[in-house]
Enquirer: 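My structure is below; once you've seen it, I'll send some questions.
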There are 2 protein chains.
Amino acid sequence: MARGRSAGYDDQREAILAQAAALFAQQGYTGTSMNAVAAACGVSKPALYHYVRDKQALLVQICEAHVDRLQQLVAAVEAQALPPEAHLRELIVRFVKAYAAAQNEHRVLTEDEKFLSDAERERVREGERRVVSAFARALAAVRPDEDFAALHKPLTMLLFGMINWMFTWLKPDGPISHADMAPVVADLFFGGLQAVRVPTATAESVFPTTP
Amino acid sequence: MARGRSAGYDDQREAILAQAAALFAQQGYTGTSMNAVAAACGVSKPALYHYVRDKQALLVQICEAHVDRLQQLVAAVEAQALPPEAHLRELIVRFVKAYAAAQNEHRVLTEDEKFLSDAERERVREGERRVVSAFARALAAVRPDEDFAALHKPLTMLLFGMINWMFTWLKPDGPISHADMAPVVADLFFGGLQAVRVPTATAESVFPTTP
DNA sequence: CCTACCGATCGGTAGG
DNA sequence: CCTACCGATCGGTAGG
């Protein structure tokens, strides 16, 4: 049998990260004390420090684990090799589901990322950029016309806005579920794509006219 | 001449609220000390407490002033008595403009509202509900068909999601301005409205079938 | 010499 | 409007 940490170590560690994410989501990172984290986990503070190096490590690991899961989700959908619109629609449905299943972690990522150190934040943001790029590529496959390229990133971010903001107003016990909203978001987005035209100023600044 | 506060009192007070909003937006409410606020304002801590009762009062006044401005914006647009689509489009353009002009205050409202006391938070949320209701009414005028009523609030929140999220990714010095994005948001939303259908589950739960 | 913790308290800093 | 502080609590770690 391998020497090292006890059988329950990783389980306890996961439970602590989940509890910390819940507290950070409710009270913010700086508004949550390590005493509160320890109390919520039912362990003493020294015991808490047995599982995590310090408070920053809690934040880093919550953010990185969440972004890693989102990147794996992107890879899983890409492996399906769906046609363009079905591909983007599948990304939307899966992300809404993933966010609903990890609301605390998602809130921490969107609100407390700024408390990471420069190096850590850059690493997390790199993962986020990969996810955004995957959505932008999926959108590019749906609308490949060249003059639309300037809007791939902005429209992707509007799409993320709809999805991210859902978790501030959709109550888990309310009449509408996240699963109900995913197709609404997709229909609104695909329907709207037909109507959007590239603003002149945007096209000019992204593709400056040669003098 | 009236006795009481000196001529510059209100100006200084406004400057303090603006500085506090900037610090809260950057570091969060709980991550910002009153020492930091005083230093940023170039006053001593006791001087700071001459203008604000306590730290909570800073937060309340930033949030209430911002929500009040948004409600005044709604009233100004309603006074124009525009036709349905033009009305909603005008709300979108004006709100994007208002958010761009008060990015710090808007970020504080969306991220630090949870640190208000119960009574204060309820008052601020009441103002937010009025604003959301105004958008939902404007949307109802655009799509008055009865079976669409269940989606007025959800679609309004998706719209707010696009607008609110813009300020996390649109950099003030970037190639695209907020003014550029407002018509894109409006076109996407109005175009998407034609494509959205009411999910069966939603219609049932909002209008339960009589047994 | 390892792990898994405990009760108590460290040096600093928070809001006021 | 300053220096000088308070009660309490912060993140983190000591000895056992």
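Letters go in sequence order (proteins before strands), and every chain restarts at 1.
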Enquirer: May I ask you to decide if A:Tyr29's main-chain N or O and A:Lys55's side chain share a donor-acceptor pair within less than 3.5 Å?
Expert: yes
Enquirer: In whole angstrom, what separates A:Asp54's CG from C:dC10's P?
Expert: 22 Å
Enquirer: Please state how far atom OH in A:Tyr51 lies from atom P in C:dC6, giving the value in whole angstrom units.
Expert: 9 Å
Enquirer: What is the distance, to the nearest angstrom, from the OH atom on A:Tyr29 to the P atom on D:dG11?
Expert: 8 Å
Enquirer: Expressed as a whole number of angstroms, how long is the span from A:Leu48:CG to C:dC6:P?
Expert: 11 Å
Enquirer: Using the C1' atoms only, state how far D:dG12 lies from C:dA8, rounded to an integer number of Å.
Expert: 13 Å
Enquirer: Give the nucleotide from the list D:dC1, C:dA4, C:dG15 with an atom nearest to the side chain of B:His50.
Expert: D:dC1
Enquirer: So which nucleotide from D:dG11, C:dC5, C:dC6 ends up closest to the side chain of A:Lys55?
Expert: D:dG11
Enquirer: Ignoring hydrogens and geometry, is there a side-chain-to-backbone donor-acceptor pair from A:His66 to A:Arg107 under 3.5 Å?
Expert: no
Enquirer: From the list C:dC6, C:dA4, C:dG16, which nucleotide is the closest neighbour of the side chain of A:Ser44?
Expert: C:dC6
Enquirer: Using the P atoms only, state how far D:dA4 lies from C:dG16, rounded to an integer number of Å.
Expert: 22 Å
Enquirer: Whole angstroms only, please: what is the CG-C1' distance between A:Asn35 and D:dT13?
Expert: 13 Å
Enquirer: Rounded to whole angstrom units, what separation is found between the NZ atom of A:Lys45 and the C1' atom of D:dT13?
Expert: 9 Å
Enquirer: Under 30°, 30 to 60°, or over 60°: which ring-plane class applies to A:Phe160 and A:Phe135, parallel, tilted or perpendicular?
Expert: tilted
Enquirer: Calculate the interatomic distance between B:Tyr49 atom OH and D:dT3 atom P; express it in whole Å.
Expert: 17 Å
Enquirer: Base, sugar-phosphate or nothing for A:Thr30? Non-hydrogen atoms, less than 4.0 Å.
Expert: nothing
Enquirer: Look at the side chain of A:Ala47 and decide which nucleotide, out of C:dC5, D:dG11, D:dT13, has an atom nearest to it.
Expert: C:dC5
Enquirer: Just by modelled atom types, is the B:Val184 backbone N or O under 3.5 Å from a matching donor or acceptor in the B:Asp187 side chain?
Expert: no
Enquirer: Between the side chain of A:Glu105 and the main-chain N/O of A:Ala18, is any donor-acceptor distance below 3.5 Å?
Expert: no
Enquirer: Side chain of A:Pro46: nearest nucleotide among D:dT13, D:dT3, D:dG12?
Expert: D:dT13
Enquirer: Which one, C:dC6, D:dG11, C:dG16, comes nearest to the side chain of A:Met34?
Expert: D:dG11
